[in-house]
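Let me begin by presenting the structure, written as structure tokens, before commenting on it.
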There are 2 protein chains.
Amino acid sequence: EKIAVRGITSTDKEVQFTIVKVPDKPGIAAKIFKALGDAHIAVDMIVQTVSVNGYTDMSFTVSENDAPLAKEILEKVAKEIGAEKVLMDPDVSKVSVVGLGMRSAYGVAGKMFDVLAKHNINIKAISTSEIRISCLIARKYTELAVRALHEAFIENDKVNFVGDK
Amino acid sequence: EKIAVRGITSTDKEVQFTIVKVPDKPGIAAKIFKALGDAHIAVDMIVQTVSVNGYTDMSFTVSENDAPLAKEILEKVAKEIGAEKVLMDPDVSKVSVVGLGMRSAYGVAGKMFDVLAKHNINIKAISTSEIRISCLIARKYTELAVRALHEAFIENDKVNFVGDK
Ligand SMILES: C[C@@H](O)[C@H](N)C(=O)O
Ligand SMILES: C[C@@H](O)[C@H](N)C(=O)O
């Protein structure tokens with residue numbers, strides 16, 4: 001299957017929230033996102049890894065406009081669920097490699113992360129699906145990242161070794 | 001914009017790996033996923049939240065066939081990058097709510113998590129994109145989760161309140 005990386009996208013009018021040390025039991029995620037849903041706040045890039053010792057962190061992004069209200073709601077919910085704290089990072093942008101068959105493409109993720117590493121761009125969060133790999137990075141690197149990824153995946157497509165054996 | 005939840009999907013022939021406490025500096029993610037890419041191992045659902053105190057966890061899924069080789073590679077890379085340990089959970093399945101405009105749909109995530117919570121299904125990991133919200137759950141709950149989500153989002157669509165004002 002020929003892997004087709006279709007393009008590189010970025011969005012930067014977002015703010016990332018992280019709720020640190022939430023208890024890992026049923027109902028916790030529902031409480032957090034119903035509270036945001038009830039306030040008509042759209043969320044993107046929800047990311048939660050597995051819990052270690054019964055606690056885990058959850059992070060997600062909201063639009064800059066919604067950030068003040070989201071912060072208020074989250075601090076209230078964090079207390080109710082017994083989380084440790086709420087972190088807010090307004091300095092994020094999301095860069096994504098978008099394509100088809102990303103799931104079976106061994107190598108796309110490694111290559112994307114390698115391009116960012118070569119430009120000394122730290123990855124703040126990662127989220128993937130079958131059609132895209134997204135990274136949150138510091139906003140000041142958005143243009144550099146998009147240009148470097150475009151060069152690696154689109155312009156130099158012929159050296160694109162990703163799993164199309 | 002009318003939010004269209006198109007369907008509920010699930011996959012269960014996957015194994016989740018978590019690398020606990022990786023240093024949060026450029027190049028770390030590249031090292032992990034290039035090692036897997038070089039071994040032609042396809043990864044799915046890569047999830048990393050922000051670091052707290054300079055370390056973070058990363059988790060992702062591979063197919064059951066690739067799991068033994070992935071475990072060998074990851075234990076070697078974990079030592080090289082100074083991570084704490086590698087966890088492997090073979091008992092996972094991924095359930096997803098798939099649709100259009102999920103990003104602007106406040107309420108979809110909260111509703112999905114609430115349905116799982118009502119059936120006392122714990123969420124092991126979360127990952128979202130514009131077209132889908134995915135949760136990793138214990139494999140024994142796959143059918144229950146798919147049926148409950150289908151009822152909430154597809155069968156009872158007319159009560160589907162998600163942000164379509
Ligand atoms: C941490 C959170 O996702 C929890 N496991 C839940 O099911 O709500
Ligand atoms: C943790 C890992 O993602 C690291 N921040 C990196 O850029 O590689």
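Every chain is numbered from 1, with letters handed out A, B, ... down the list of sequences. Being a predicted model, the structure only gives us computed values, none of them experimental.
Counting heavy-atom pairs closer than 4.5 Å to chain B, the top residue among A:A109, A:S127, A:S96, A:S51 is A:S127. Of the residues considered (A:H119, A:K124, A:M112), A:K124 shows the highest number of contacts with chain B, using heavy-atom pairs under 4.5 Å. Of the residues considered (B:K118, B:K31, B:R132), B:R132 shows the highest number of contacts with chain A, using heavy-atom pairs under 4.5 Å. Per-residue heavy-atom pair counts under 4.5 Å with chain A were compared for B:A39, B:S134, B:A29, and the maximum is reached by B:A29. The choice from B:T56, B:I41, B:V20 that makes the most heavy-atom pairs within less than 4.5 Å of chain A is B:I41. The choice from B:N120, B:V52, B:D57, B:D89 that makes the most heavy-atom pairs within less than 4.5 Å of chain A is B:N120.
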Query raised in the report: Passes side chain to side chain contact (heavy atoms under 4.5 Å, CB included), B:D24 versus A:N122? Steps please.
Result: CA-CA 8 Å; B:D24 181 26; A:N122 193 44; 3.1 Å; yes
Requested in this report: Apply side chain to side chain contact (heavy atoms under 4.5 Å, CB included) to A:I32 and A:M58, showing your working.
Outcome: CA-CA 10 Å; A:I32 296 167; A:M58 303 180 81; 3.7 Å; yes
Report task. Start with the C-alpha distance between A:K21 and A:Y55, add both sets of side-chain angles, then the distance that settles side chain to side chain contact (heavy atoms under 4.5 Å, CB included), and finish with yes or no. Result -> CA-CA 5 Å; A:K21 233 180 141 186; A:Y55 292 91; 3.6 Å; yes
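The parts of A:I46 that come within reach of chain B are both its backbone and its side chain, each placing non-hydrogen atoms under 4.5 angstrom from that chain. If you measure heavy-atom distances from B:I123 to chain A, the contacts under 4.5 Å come from both the backbone and the side chain. If you measure heavy-atom distances from B:V50 to chain A, the contacts under 4.5 Å come from both the backbone and the side chain.
The pair B:E130-A:K94 counts as a salt bridge, with a side-chain nitrogen and a carboxylate oxygen less than 4.0 angstrom apart.
With sequence neighbours excluded, no residue satisfies salt bridge (charged side-chain N to carboxylate O under 4.0 Å, His left out) with B:K25. Evaluation of the side-chain hydrogen bond (donor to acceptor under 3.5 Å, both in side chains) rule for B:Q16 yields B:S59 as partners, not counting sequence neighbours.
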For residues 136-144 of chain B, which side-chain N or O atoms pair as donor and acceptor with protein atoms under 3.5 Å away, sequence neighbours left out?
from   : atom 1 : to     : atom 2 : distance (Å)
B:R139 : NE     : B:D12  : O      : 3.0
B:R139 : NE     : B:V92  : O      : 3.1
B:R139 : NH1    : B:D12  : O      : 3.4
B:R139 : NH1    : B:E64  : OE2    : 2.9
B:R139 : NH2    : B:D12  : O      : 2.8
B:R139 : NH2    : B:E14  : O      : 2.8
B:R139 : NH2    : B:E64  : OE2    : 3.4
B:R139 : NH2    : B:P90  : O      : 2.9
B:R139 : NH2    : B:V92  : O      : 3.4
B:T142 : OG1    : B:S93  : OG     : 2.8
B:T142 : OG1    : B:R139 : O      : 2.6
B:E143 : OE2    : B:R147 : NH2    : 2.9

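Closest approach of B:C135 to B:F113, counting heavy atoms only: SG-CE2, 3.5 Å.
Using a 4.5 Å heavy-atom cut-off against chain B, no residue of residues 68-81 of chain A qualifies as contacting.
Placement of A:F153 and A:V98 in two distinct hydrophobic clusters is found when ILVMFWY residues are connected by side-chain heavy-atom separations under 4.5 Å, directly or transitively. Under the 4.5 Å side-chain contact rule for hydrophobic residues, A:I28 and A:V86 share a cluster.
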